[in-house]
Amino acid sequence: MIDIKQIRTDPDRFIQSAKVKNIDVDIRKLLQIDSQLLDLRKQLQDARTEQNAAGKQIATLTGEAKQPAIAKVSQLKSKIKQLDEQIGELEPAFGELMICVPQPPAPDVPVGDDSANVEIRREGTIRKFDFEPKDHVELGEALGIIDIARGVKIAGTRNFVLKGAGAMLHQAVLRLATDRMIAKGFVPVTVPVLVNESAMYGTGFFPLYRDQAYLAERDQMSLVGTSEVPVTSLHADEILSAEELPKKYVAGTTCFRREAGAAGKDTYGLYRVHFFDKVEQVIVCAGDEQTSINHHQEILANTEQVMQELELPYRVVNCATGDLGQGNVQRFDIETWMPSRDSYGETHSASRYYDFQARRLNMRYRDAAGDLHFCHTLNNTVMASPRILIPILELYQNADGTITIPPPLRPYMGGMEKIEPRTY
RNA sequence: GGAGAGGUGCCGGAGCGGCUGAUCGGGCCGGUCUCGAAAACCGGUGUGCCUUCGGGCACCGUGGGUUCGAAUCCCACCCUCUCCGCCA
């Protein structure tokens, strides 16, 4: 949510932001409704002042004198009711527009669609194969650890089953990610994945991206597409103290995505699927831009350390305006090298929101002087599987079709060093 | 799913339909006292919006209704707790 005062002060900034983010919201109309509402509310307030004063007088009158006074105030009542109705008619339209106004991107965000994304740096060495490498599906099916056909049988397209060492590898990556974050002082939390509307609105996924969520409509609940939703919502409607900030959390949950509008895109393998598990880091910090920027670098570095530990080659990308969500100030994606795609594929996403989510969630803190401010929020993937299994399987494959397990994952797999073919 | 109880300020807990934005207690902040602390005493302690900066308006789970006037009455919904049932 954006501060309406900021929109009043500098509407062009928001008109421009909506344009570069490709979000359809009529700022001019919003301001027009806003000024009407301001005027009506002022009139209502004045009428109420009058009514309250008259009411107090009535309380002091008795018997005969009371009736004429009551009759007089009754007239005010109809005026108030009329104003109330007018306001009631405008408010929904105002709210619907407000909830769609995007957060302006940072100045160093490139303008354009995702083709305008800017690579910031590359890390790691891309493996050169001295044999013909297989893709993760060929490898996984031959090893008996990936069973896409049965996943589809149970749940339809974009579903999968991991078995045996495949399921273990999946868990190992997640546990490594969680442990590394706990070691950095992040507090592990277990959170609901089926959440109410206010959590979805509060974190900025509703209303614009409602199509992407699975809805349990009978209960007005939604399955989350990321644990960012429940974790960032933890302190909604709370007033935190400055001393307890920043709050740092790590949570692993299953994530559910409809992938609406992605029909026909990335249909092969484990890349784009309807459910996956993700370990996410979330920071709630003081409402200061530089503080946010520093934390943004921090959460990016946290993930990069795990990637480097796994020796996965990746690059960091500064996402362009058209690739940002409504609430993003800036987003850095980490893309990991995937031999089967012969390119880097998105595996992580580090977002900075400033107070966009905090305003929607009504999440504030009291500073040393006792003043209230909205918090800032950020998040980044630590590891999401099975997508990360694509580079792991493909880059660690051997000529005989076996997979060498990356050393940091072995402790989580009972010391297993290699995945060999097996019937499960 | 069935039955009952309840949702008030940081917490506990009052609140005849007008004098209640809200008694009181605790906590917290400031002060007095003290070498310092404790105790005691004194004072302060909600949020949002509008403002001609005097002030005004709104908010006692949410939304409606009754009334000149509602935290207080009525209706619906949401949530919490207790007991029973079912169950990972």
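Chain naming here is simple, since letters A, B, ... match the order of the sequence lines and numbering starts at 1 in each. What you see below is based on every heavy atom in this structure, not just the backbone, and it leaves out hydrogens, waters and symmetry mates.
When Watson-Crick and G-U wobble pairs are counted only if both distances are under 3.5 Å, B:C16 pairs with no nucleotide at all. Using Watson-Crick or G-U wobble geometry with both donor-acceptor distances under 3.5 Å, B:C10 finds its partner in B:G26. With both pairing distances under 3.5 Å, B:A5 is matched to B:U80 as a Watson-Crick or G-U wobble pair. Across all strands shown, B:C49 forms a Watson-Crick or G-U wobble pair with B:G56, both key distances being under 3.5 Å.
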Tell me, with the steps shown, if A:Leu37 and A:Ile87 meet side-chain contact (heavy atoms from CB on, under 4.5 Å). CA-CA 6 Å; A:Leu37 275 172; A:Ile87 290 170; 3.9 Å; yes
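A:Asn52 has a side-chain polar atom (N or O) that falls below the 4.0 Å cut-off from OP1 or OP2 of B:A58. In this structure, A:Arg359 does not reach the B:G48 phosphate: none of its side-chain N or O atoms is under 4.0 Å from OP1 or OP2. Note on A:Arg364: every side-chain N or O is 4.0 Å or more away from OP1 and OP2 of B:G46. The side chain of A:Lys77 places an N or O atom within less than 4.0 Å of a non-bridging phosphate oxygen (OP1 or OP2) of B:G69. Between A:Arg366 and B:C29 there is no side-chain polar atom (N or O) within less than 4.0 angstrom of OP1 or OP2. Taking side-chain N and O atoms only, A:Lys5 has a distance below 4.0 Å to OP1 or OP2 of B:C50.
B:G12 sits 34 Å from B:G55 when the P atoms are compared, rounded to a whole Å. Atom name C1', nucleotides B:C59 and B:U20: the rounded distance is 14 Å, in whole Å. Spacing of C1' atoms, B:A38 relative to B:A22, comes out at 34 Å, to the nearest Å. B:C33 and B:C81 are spaced 46 Å apart, taking the C1' atom of each and rounding to whole Å. B:G1 and B:G15 have their C1' atoms separated by 36 Å, with the value rounded to a whole Å.
Close placement of the A:His235 and A:Tyr249 rings is indicated, their centers lying within 6.0 Å of each other. When ring centroids are compared, A:His376 and A:Tyr353 stay outside the 6.0 Å threshold.
Atom CG of A:Asp237 is separated from atom C1' of B:G48 by 13 Å (rounded to the nearest Å). Atom P of nucleotide B:U47 and atom CG of A:Asp371 are separated by 10 Å, given to the nearest angstrom. Distance A:Arg48 CZ to B:C49 P: 18 Å, rounded to the nearest Å. As a whole-Å value, the separation of A:Glu85 CD from B:G64 P is 11 Å. Atom NZ of A:Lys42 and atom P of B:C49 are 16 Å apart (whole Å). Distance A:Leu37 CG to B:C57 C1': 15 Å, rounded to the nearest Å.
Taking only side-chain atoms of A:Gln51, from C-beta outward, the nucleotide of B:G69, B:A58, B:C50 with the closest atom is B:G69. The A:Leu372 side chain lies nearest to B:U47 when the options are B:U47, B:G55, B:G69.
One finds no salt bridge joining A:Asp24 and A:Lys19 here, because no Lys/Arg side-chain nitrogen approaches an Asp/Glu carboxylate oxygen to under 4.0 Å.
A cation-pi arrangement, defined by a distance under 6.0 Å to the six-membered ring centre and an angle within 45 degrees of its axis, is present between A:Arg387 and A:Tyr271.
When A:Glu417, A:Arg410, A:Lys418 are each tested for a side-chain contact (heavy atoms from CB on, under 4.5 Å) with A:Ile405, only one passes: A:Arg410.
Of the two residues near RNA chain B, A:Asp46 and A:Ala54, the one whose nearest nucleotide lies more 5' is A:Asp46. Summary of the strand contacts: A:Ile4 and A:Ile239 both lie near RNA chain B, and taking for each the nucleotide with the nearest heavy atom, the more 5' one is attributed to A:Ile239.
Within 4.0 Å of A:Leu76, counting heavy atoms only, lies no atom of the nucleic acid at all. Here A:Arg41 lies out of heavy-atom contact (under 4.0 Å) with every strand.
Here B:G31 is in the anti range [glycosidic angle more than 90° from 0].
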